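Encoded as C-alpha cells, the structure appears first; notes follow it.
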Amino acid sequence: QHSLPEDKVLVPVEVTLKPSSTAKIEDVRSAVEGMLEKRSLSYIDGPIPVPLDEAFLADNVQRICVCGCDTDEGRHNDNVLLFWQVKPIVHVFQLSEEGPCEDISSDGQSSSFNEWILPAKEFDGMWESLIYDSGLKQRLLRYAASALLFTEKGVDPFLVSWNRIILLHGPPGTGKTSLCKALAQKLAIRFNSRYPQSQLIEVNAHSLFSKWFSESGKLVAKLFQKIQEMVEEESNLVFVLIDEVESLAAARKAALSGSEPSDSIRVVNALLTQMDKLKSSPNVIILTTSNITAAIDIAFVDRADIKAYVGPPTLQARYEILRSCLQELIRTGILTNLQDCKNVMLPNYACAKERLNAPDLQEDSTFMQLCKHLLDTAEACEGMSGRSLRKLPFLAHAALSNPFDCNHIKFLCTMVETAKRERSEL
Ligand code: ADP
C-alpha cells in the first residue's frame with residue numbers, strides 16, 4: 001500500500017562540498033533537491049553519483065550520500081526505500097581540513113585536550129565504518145536529535161526533564177571513542193542550519209591525572225574557560241568528549257583513602273562542578289566513555305540519560321567488519337585472483353547466508369567459496385574486539401609467504417590462523 005504524503009519517511013541526504021568550493025550552501029541545497037526530484041531515485045543507502053551534466057553541482061560537489069539506513073523503514077527494508085515513500089532532507093557541508101588544534105601549555109608540554117572544528121576531514125566516513133547490529137547508532141542519533149530539539153523549542157526543564165549527557169561503556173576496543181566522535185560529526189552535519197559552527201573538545205580524563213596535580217587544576221580551569229566561551233556563542237554547537245571517565249572516580253577514591261595527594265580530589269571536584277554548570281547550556285552535548293562496565297560512582301554519570309553498553313561485535317557484525325576490510329583490499333588491488341577484480345562486490349551477511357543455503361548453479365564458484373571462507377573467518381574470530389578485527393587483514397598480509405600473489409583463499413586461511421594466534425596471545 002502507498003503511504004500518504006504526510007507519513008513520508010524523512011531521509012537525510014548528505015552533500016559534501018569540494019574543499020575548493022565557495023558556493024552558497026543554500027544554492028547547492030536547492031540544486032540537489034531539484035536533481036533528486038527530477039531523477040526520482042530509489043533511495044538505497046549509500047553514495048549516489050554527482051550528475052556530471054549539471055555543471056554547478058559537478059563543479060562544487062564532491063559527494064552525495066543517502067542515509068536511508070538511519071531510518072527504521074530503511075533498516076527494515078534492506079536499506080531500500082522507494083522515492084514515493086520518501087522526503088529527502090538535504091544537508092550541505094564542507095569538511096574542515098584544519099586538523100586537531102592541540103593546546104600547548106605554557107611550559108611547552110602538550111596538554112590534555114584536543115579541539116576539532118566539525119565536520120572534520122579526519123572523521124569523514126567514521127560513522128559508516130562502525131558496525132553494530134542492535135540499532136545502537138540510530139538510537140544515539142535519535143536521542144541527541146530529540147535533546148537538541150527540546151532545547152531549541154524551549155521546553156521547560158522543570159516540567160519535562162532531559163539532559164545532554166551520553167555514556168558509552170564496555171570493553172576496550174569496541175569503538176566507543178570513535179562512536180562519540182562520529183556522532184558529534186553526524187550531529188554537526190545534520191544540525192548545521194541551526195548551528196552553523198560546531199566544535200569537539202576531546203579530554204582524556206586519565207591524562208589529567210597523570211600530570212602534576214597542581215598543573216591539572218590549572219588545566220581544568222583553562223579548559224572550561226575555553227568551553228564556556230564557545231558555548232556563549234549561540235550559533236555554536238559544542239561537544240565535550242571525556243574519555244575514560246572512570247579514572248575520575250578512581251582518582252577520587254584514591255584521594256579519599258589517602259594514597260594520592262588531596263590535590264587530585266580538588267581537580268575531580270572542579271571538573272564535576274564545571275560539567276554541572278555546562279549542563280544548563282542548551283548547545284552542549286557531553287559524551288563520555290568508560291571501559292568499566294560496573295557502575296561508575298560519579299555524580300554526573302548517574303544523570304546521563306543514555307547509558308549504552310557497547311559490546312564485542314556479534315557474528316553478523318564481525319562478518320560485516322571483515323567484509324569492509326576485504327572490500328578495501330579488493331578496491332586497492334592488494335587482493336587479486338578474482339575475475340573482474342576491482343568490481344567485485346561482496347554480499348552482506350544476510351545475502352551471503354541465503355546464497356550459501358540455496359546455491360545458484362549459475363553462480364561463480366570462486367565467489368561462493370570466498371563468501372563461505374569469509375563467514376568461517378567471522379566465526380573463528382569470536383570474542384575479538386572491533387579494533388583487533390580491523391587490524392587482522394594487515395597482520396595476515398604481513399604473514400603471507402608471498403605477499404605479491406595474494407590469492408583470496410590463501411589469504412582468508414592465513415587470516416584464520418592469525419586470528420587464532422592473536423587470541424592465544426591475549
Ligand atoms: P574504544 O574507545 O572502545 O576503546 P576505539 O573507538 O578506540 O574503541 O576503537 C578503535 C578502532 O576499532 C576503531 O577506530 C574502529 O576502527 C575499530 N572498531 C571497534 N569496534 C568496531 C565496530 N563495532 N565496527 C567497526 N569498527 C570497529
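Remember, predicted model here, so these are calculated numbers, not experimental data. The figures that follow rest on heavy atoms only: side chains count, while hydrogens, waters and symmetry mates do not. Just so you know, ligand 1 is whichever comes first in the structure, and atom 1 is the first atom listed for that ligand.
Polar contact with ligand 1: absent for Pro172 (N/O pair, distance under 3.5 Å). Among the atoms of Asn291, none of the N or O lies under 3.5 angstrom from an N or O of ligand 1. Remark: ligand 1 and Gly173 share an N or O pair separated by less than 3.5 Å (distance only, no angle test). In terms of polar-atom proximity, defined here as any N/O pair under 3.5 Å, Ile131 does make such a contact with ligand 1.
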Handout entry: Residues Ser235, Arg194; criterion side-chain hydrogen bond (donor to acceptor under 3.5 Å, both in side chains); working and verdict
Key = CA-CA 7 Å; Ser235 61; Arg194 168 64 185 86; over 6 Å; no
Practice task
With side-chain hydrogen bond (donor to acceptor under 3.5 Å, both in side chains) as the test, would you mind laying out the steps for Lys176 and Asn291 before giving the verdict?
Solution key: CA-CA 9 Å; Lys176 299 179 296 296; Asn291 287 332; 3.1 Å; yes
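Shown in contact with Thr174 at under 4.0 Å from a heavy atom are these atoms of ligand 1, numbered in order with element: 1 (P), 3 (O), 8 (O), 19 (C), 20 (N). Atoms of ligand 1 lying under 4.0 Å from any heavy atom of Gly175, numbered from 1 in the order shown and given with element: 1 (P), 3 (O), 5 (P), 6 (O), 8 (O), 9 (O), 19 (C), 20 (N). Less than 4.0 angstrom separates some heavy atom of Leu130 from each of these atoms of ligand 1: 24 (N), 25 (C), 26 (N), 27 (C). Atoms of ligand 1 lying under 4.0 Å from any heavy atom of Ser178, numbered from 1 in the order shown and given with element: 5 (P), 6 (O), 9 (O), 13 (C), 14 (O). Less than 4.0 angstrom separates some heavy atom of Tyr132 from each of these atoms of ligand 1: 23 (N).
In this structure, Glu229 does not pair ionically with Lys226, as no charged nitrogen and carboxylate oxygen lie closer than 4.0 Å. Of the charged side-chain nitrogens involved, at least one lies within less than 4.0 Å of a carboxylate oxygen, so that Lys181 and Glu202 count as a salt-bridged pair.
The protein heavy atom nearest to atom 3 (O) of ligand 1 is Lys176 NZ, 2.7 Å. Atom 26 (N) of ligand 1 has as its closest protein heavy atom Arg390 NE, 3.3 Å. The nearest protein atom to atom 21 (C) of ligand 1, hydrogens excluded, is given as Gly386 CA, 3.7 Å; this is a heavy-atom distance. Atom 2 (O) of ligand 1 has Thr177 OG1, 2.6 Å as its closest protein atom, hydrogens excluded (heavy atom only).
At a threshold of 4.5 Å between non-hydrogen side-chain atoms, the residues Val61 and Ile64 count as touching. For the pair Ser290/Glu244, no side-chain contact is recorded, criterion being any heavy-atom separation below 4.5 Å from C-beta on.
When non-hydrogen atoms are compared, ligand 1 lies under 4.0 Å from neither the backbone nor the side chain of Pro313. The part of Ile321 lying near ligand 1 is the side chain, judged by heavy-atom distances below 4.0 Å. Residue contacts with ligand 1 for Ser129 involve N, CA, C or O but no side-chain atom from C-beta outward (heavy atoms, distance under 4.0 Å). Both the backbone and the side chain of Arg387 come within 4.0 Å of ligand 1, judged by heavy-atom distances.
Between the side chain of Ser146 and the backbone N or O of Arg142 there is at least one donor-acceptor pair closer than 3.5 Å. Asn192 places a side-chain N or O within 3.5 Å of a backbone atom of Val92 that can act as its donor or acceptor partner.
When only modelled atom types and interatomic distance are considered, Ser388 and Arg423 share no side-chain donor-acceptor pair under 3.5 Å.
Residue Thr16 is tested with His91, Arg63, Lys121 for a side-chain hydrogen bond (donor to acceptor under 3.5 Å, both in side chains); the sole match is Arg63.
Taking the ring centroids of Trp116 and Phe123, they lie under the 6.0 Å cut-off.
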